[in-house]
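Working notes, structure below.
Here the structure is a predicted model, which is why all the values come from computation and not from measurement. Below, each value reflects all heavy atoms present in this structure, side chains not excepted, and no hydrogens, waters or symmetry copies.
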Amino acid sequence: MEPTAPAPVASEPRTSAAEAPLRVWSLRTMLLIAFASLTLGLTLILTVLVGRTESRVLREEIGRGMATTARQMEQQFSSALMERYRDVLQVSSHSLFHTSTPNRKEQREALEALQASFPSYVWIGATDAKGKVMASTGGLLEGADVSARDWFQRGLKGPAMVDVHEAKLLAKLVPGPADGSPLRLLDVAMPIHDEKWNLIGVVGAHFSWEWAQSLRDRALEPARDRAGLEMMVLNASAEVLLGPPDTLGKSMREPLNQLALARGRDYAVVTDEDGRQYLMAQAAGSTSATSPGLGWVVLLRQDIGNAYETVAGLQRQVAAVGALVFVLAVLLSVLISRYLTGPLYRLGKAADALREGTRRDMPVMDDYREAQRLSRALKSFGEEMEARVANRTVALEEANDALRVAMEKEAEAGFQLREREALLRRSQAELRTIADNLPVMICRVGPDMRYTFLNETYRTWLGIDTDALIGQPLGSVTDTIADTTLQGHAARALAGERSEFEFDIVLHGQSRHLAVSFIPHDVDGQVQGFFGMAYDVTDSKLRELSLSEQALSDTLTGLPNRRLLEAQLPLAMARAQRNAKPLAVLFLDLDGFKTVNDRHGHPAGDAVLRQFGERLIASVRRSDMVVRLAGDEFVLLLEHLQSGAIDACAIADKVIEGMKEPFDVGNGVKITLSTSIGIALHAPGEESSPVNLMHLADQAMYAAKQGGKNRRVLSGELDLGQVG
């Protein structure tokens, strides 16, 4: 067979690439979509992060504020209860109640005077040890047996406070509340002892529960603008004593258990038995040996919607700002995409016109480098179109690739830049939040000695506008610190040396002690200013001062003790040397003091020692020092004597004369005692030591005792007449 010729194929009309319809998006559209998508994503991320962070911070501030309010209200209740405790303690300490032969009329007058000082006292009375009322306000219940009452039984054992209860004996004797509700009382009881500390009765005071209701109303007055805020007072069993009517008598143990799980905070969001959520804060009262308390807990709660209304408002504001930022970013994306694609769009139009023959060459675009290169290449290719079609196509593709790479690099660089800027802003916001919430005043001072940063604690402690102080010179915050002191410490910090100092300031009407540190800000070995940090160290300073005072004073008489004398005597001898004025040490001992303790008891001996110290103070000059060494031994340190032995002996004679008056040890008992005094002199230029001087005075005192007591002996003198 012969091969068959292939059948002819019908030709189809061909469409040029230039005439094909455009089925892809424009570069401008794709850039706009890309920028808009990126902006939308970043805006959503930042809005969510900022909203959550700020909402969390605001919730914590609201919770801490409610906890602070609860503590303040609890302190008002505790303070008021403590006043009643002190009232009864004071009246029970009156000598009228500590005698075996009491005057009932005077006792009644004392109780009625206490009742008049506080309108809520319903009844105050004093009983004997068996519970019989001996004296009371208005004479109510006098002669009645109250031994079965809880306040009396607890008062026999020591100071006591009795929680809220309905009145029994007094309900029919005194008017009740105006609303007709039962009369409810709180009790304070104190034991009474006679002169020998035998229990002889109890003082009890009842005050009306209406006092707590009025105190609650006053405490809530500053927070009245907080919608739905409720306050409850719970007893030690977590039952509501005071609060909204529907909560009275209910147990709040479950909300307290939920609060106990709040990671050490005094506030939390609590869900009640009906599924409603509240923001709740608590403050529990403390008890001690000197303030028994009732174990009350102040509970504040507010519906979660009302409590966090400001949080919802903040979230709406953050969302609105995010939406505004997105719209602005989209508008900016339109402008950027229009700028980037404008030259390409004009080149495309010129190419179409060149293909259609309506123009003869390509224009040169100078908008940016890539467009300029592309337009010049197209212009060159257009001039050699007939001869170099293939080369022109390759060059055009290379130019397009270069443009695409450049645009991708620019987009990536812009994205990285925005990422770094966002990270920097977040870091700065976090550092600012930390600095603003520390209980420390923090600032930064530049090398020109002007403020560049102050944290929010400046506004909280000092009540100043921190923004207005930026750029102001160092020292414009407060005039409490001397300018020379501040400048000196600042100069050391700018020289690269850490500097620390302390000063006193008044904050919120209270004197506080602050410790300040200036820390150099070193950048690559160069000091660019310094950071200042001020801490409140008032409490530690007060504890240190209190411990120092206790260590250097006698607990019975309040006079300086041996330790303070040992510290001051060497200094006094040095002053005598500088001033060329003699000093004297007088060693005193009470004659027959041991018999006081043996016959009348140690309380009487303590009373004698206190009165002896008071008479010594009255017998010497204000510049002289009166010291109790131990037991009945005392020392007088006399400085700046003009005539030495004559002045010292004159003061000793004055002391002996002052001891002639009998000592009152209570219960009408008076005791006559005398004192023996040994005197040792130290003249300027003498070789002596504090130990030797005390030894000489001690020896002279024993010589006075051996010589018949009730006299003074000058060390080194055998005849008292020789010194007057």
Minimum side-chain heavy-atom gap [X]-[Y] below 4.5 Å:
| X | Y | result |
| --- | --- | --- |
| T247 | R301 | yes |
| L462 | M441 | yes |
| L38 | R418 | yes |
| M232 | P244 | yes |
| M449 | L494 | yes |
| L454 | R459 | no |

Legend entry - Polar side-chain atom of T457 near backbone of V440 as donor-acceptor pair, under 3.5 Å: yes
Legend entry - Expected output: side-chain S517 to main-chain R498 donor-acceptor under 3.5 Å: no
Inset, instruction - For R64, look at atom CZ and say whether over 12 heavy atoms of other residues, nucleotides or ligands are found less than 6.0 Å away. - result: yes
Inset, instruction - Applying side chain to side chain donor-acceptor pair (under 3.5 Å), name anything that partners D536, two or more places apart in sequence or on another chain. - result: R512, T538
Legend entry - Sequence neighbours excluded - side chain to side chain donor-acceptor pair (under 3.5 Å) pairs with any residue from residues 522-534: none
Inset, instruction - Can you run down the ring pair (Phe, Tyr, Trp, His ring centres under 6.0 Å) pairs that involve residues 434-459, sequence neighbours left out, and say none if there aren't any? - result: none
Inset, instruction - Give, for atom CE of M280 and atom CG of L299, the distance between the pair rounded to the nearest 0.5 Å. - result: 5.0 Å
Inset, instruction - Describe, in one word, how the ring planes of F501 and H489 are oriented to each other, choosing from parallel (under 30°), tilted (30 to 60°) and perpendicular (over 60°). - result: parallel
